[in-house]
Amino acid sequence: MNDMRILERDVDTNTIKFAGRDVHVYYGETEAIKGIDVDIEDKTVTAFIGPSGCGKSTFLRCLNRMNDTIDVCRVTGKITLDGEDIYDRKVDPVQLRAKVGMVFQKPNPFPKSIYDNIAYGPRIHGLAKTKADLDDIVEQSLRRGAIWDEVKDRLDAPGTGLSGGQQQRLCIARAIATAPEVLLMDEPCSALDPIATAQVEELIDELRTNYSVVIVTHSMQQAARVSQKTAFFHLGDLVEFGPTNEIFTNPKDPRTESYITGRIG
Amino acid sequence: MTDATAPSAPVSGDAEPSSLFTQTNRTKRRNAAEKRFKAYGLGAIGIGILSLVVLLVSILGNGLPAFKQTYVVMDVTLDESVLDPNGNRNPEDIAKVLTFGYTPIIRGAAQNLVREMGGEVEGLTDGMIGDMISKEAAGQLRRFVLANPDLIGTTQEFKFLANGRIDGFFKGRVTMESAQIDSNVSPEQLVAAERLAEAGHLTTSFNLGFLTAPDASDQRPEAAGLGVAIIGSVYMMLVVLALALPIGVAASIYLEEFAPKNWITDIIEVNISNLAAVPSIVFGILGLAIFINYAHLPQSAPIVGGLVLTLMTLPTIIISTRASLKSVPPSIKDAALGVGASKMQTVFHHVLPLAMPGILTGAIIGLAQALGETAPLLLIGMVAFVRDYPGAPPEGLFDPSTALPVQVYNWTQRSDPAFFERASGAIIVLLVLLVLMNLVAIILRRRFERRW
Ligand SMILES: Nc1ncnc2c1ncn2[C@@H]1O[C@H](COP(=O)(O)OP(=O)(O)O)[C@@H](O)[C@H]1O
Ligand SMILES: [Mg+2]
């Protein structure tokens, strides 16, 4: 793995955004993540792949402490964001989540207007001083979410009235609106049709210029299309982590190989 | 269900070639079962509707007459020598003449009227004529004189309540035959009443007093009204709304969204469900022990009734509120947490608005239950005979009053059948209030649900 990272550094010189060291996650007695070390880079799309139930979502949710909302869930080890331990007692998960936005598997817009969907985050974080500022944030976010042209005439319409793909891009725009540094996406395209998927994938590729994106995906084609780095999870272990093209063309671990060639999962 | 356990039919292929136009036995059986089930359902609904219709018809039939009342219209000369013996129109002096002093004036006026109008009815004594007017009339006349002392000495037209039996005669409750054996009314009086009615001096009109007047004693059912009971019930509902809704919703939000899930919260949860099933009279005993005997709050007061009903309503509100909080999709909570909302912001900005229709429905069902509750109120003394209206809130909450269902109970306990009619009338008022509350619930739900 190490020499791979050296190779990668030659290609582009990205700083490490998230670093996980010996991360274990337990749901009650069962261990869902069994000691993971991982470095996630800035301005890179990192894909988590692996068979169902291997802990991709669990690990992703550790990165913005969404696991805190699950009573039985316990995280040990160390995860740092820009060198700061996010599980430190002094860290308020609310602040962390403003920095680390999340997009969920099922599009989940608030049952409010499109405008309010985007404006909600900036409002509660006090990002806009005036209405004009807020309007501006909403427009910028919707543009970045590649949905501005479709909704600019009906910002007052309910967000839940959009099509599935539009809803998901709205959710991405909503996540962008709080000016995060990292975007976590848990199978963002699994509820979308191929055209909407293509639009979202294109969007993810654009987002890479500004954010570090971590995407969980079921589809290896998608991982291959959008990501620069890929992590293969299997039964709670991080089996292999490296540049996407290497993982797909030249997997080191037999488990990775059999997953990619369709023998497990 | 039956077809699931039945041995599976042979795979097609072994079976005879079948046409889509003939039903297989299996399909026939399934369809028959479906038809039977539909019939059961229809039957159940039919029984329900039938009971409802019977109930409504009987209550409306018995109770609607309570909203009409027979009045005697007659001229009364306000005799100065009786009403203002000192002749100085000093309100204090006039007030010294009690209702007792007014009675002879009314009786005299009634006698004149009957003698003029109807001529002679054999066996009709002056006393009988006087009894045809409600005993309430003296009080009514006195109030009028005290309010208009200048009119003493003049002759004015008044509309007095007729005696309950005379009223009953025009509503069909009292007949000539029943009057024969009734010590409170005689056939002669009824004949005289008929003549008065022909002459237009006896009219039947809408009885606003039924909704506004206080209760009246056993001897004058015609004057009894629901005024105090309605005020008492409204006050209690205000207390319940002001206490049970915020406490219940706060408790539910805490239990549902914030409390750790451990054995303590489990015990609390079980106990809340149990409390919802506790007979209401137990809450009455509790109220008697705590609020009256220990806290020394006044008896018969709406505040105590409201507190007791609050205790009773809380579990209902908590259970329904928790159910509607639970029904908010977790994805919305995730979304809010995901953009960095705190737990409280998530609850108040997203979960609560979505749960609102359910919470309101639960609250109004709880209120409706409380409105109809009788047993606990009996124990805290709200069954008392109250003639004085309670004052305006908040002080009025501590004044004695009764409540609608207790008034119904109270009236059904009295011997005069006129009170039975009034009890049914009170039930109609209660039902109308319940329907109104349900309407409010529906309207509120619509308004909150309209938001996509
Ligand atoms: N809330 C939870 N409570 C208990 N166990 C859970 C919970 N969420 C996930 N798990 C378990 O953790 C393991 C990993 O799940 P998950 O991270 O959702 O897998 P993936 O996203 O890779 O399909 C699974 O075995 C799953 O059963
Ligand atoms: Mg998952």
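Each chain gets a letter, A, B and so on, in the order its sequence line appears, and its residues count up from 1. The structure displayed is predicted, hence computed values, not measured ones.
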Review point. Applying salt bridge (charged side-chain N to carboxylate O under 4.0 Å, His left out), which residue pairs with at least one partner in residues 328-344 of chain B are found, sequence neighbours left out?
Key: B:E257-B:K333
Practice item. Quick one: closest heavy-atom pair of A:R174 and B:A335, and the distance? Key: NH2-CB, 3.4 Å
Review point. If you take all heavy atoms of A:P111 and B:L354, which pair is closest and at what distance?
Key: CG-CD2, 3.6 Å
**Study point:** B:H349 ring center near A:F110 ring center (under 6.0 Å)
**Key:** no
**Study point:** Any donor-acceptor N/O pair, A:N108 side chain to B:I332 backbone, under 3.5 Å
**Key:** no
Point to revise | Flag, side chain of A:H125 to backbone of B:V339, donor-acceptor distance under 3.5 Å | key: yes
Review point. What residue, out of A:R65, A:Q105, A:R97, has the most heavy-atom pairs lying under 4.5 Å from chain B?
Key: A:R97
Exercise for review: Could you look at A:P109 and say if it's the side chain, the backbone, both or neither that has a heavy atom under 4.5 Å from chain B?
Suggested key: backbone
Study note, to complete from the structure: dist B:Q345:CD -> A:I124:CD1 (nearest 0.5 Å) comes out at 4.5 Å
Check your understanding: Do other residues, nucleotides or ligands put more than 12 heavy atoms under 6.0 Å from the CZ atom of B:F258?
Key -> yes
**Study point:** A:E206, CD: over 12 other non-hydrogen atoms inside 6.0 angstrom
**Key:** yes
Exercise for review: For chain A, find its close neighbours in residues 243-254 of chain B: heavy-atom separation under 4.5 Å, sorted by number, or none.
Suggested key: none
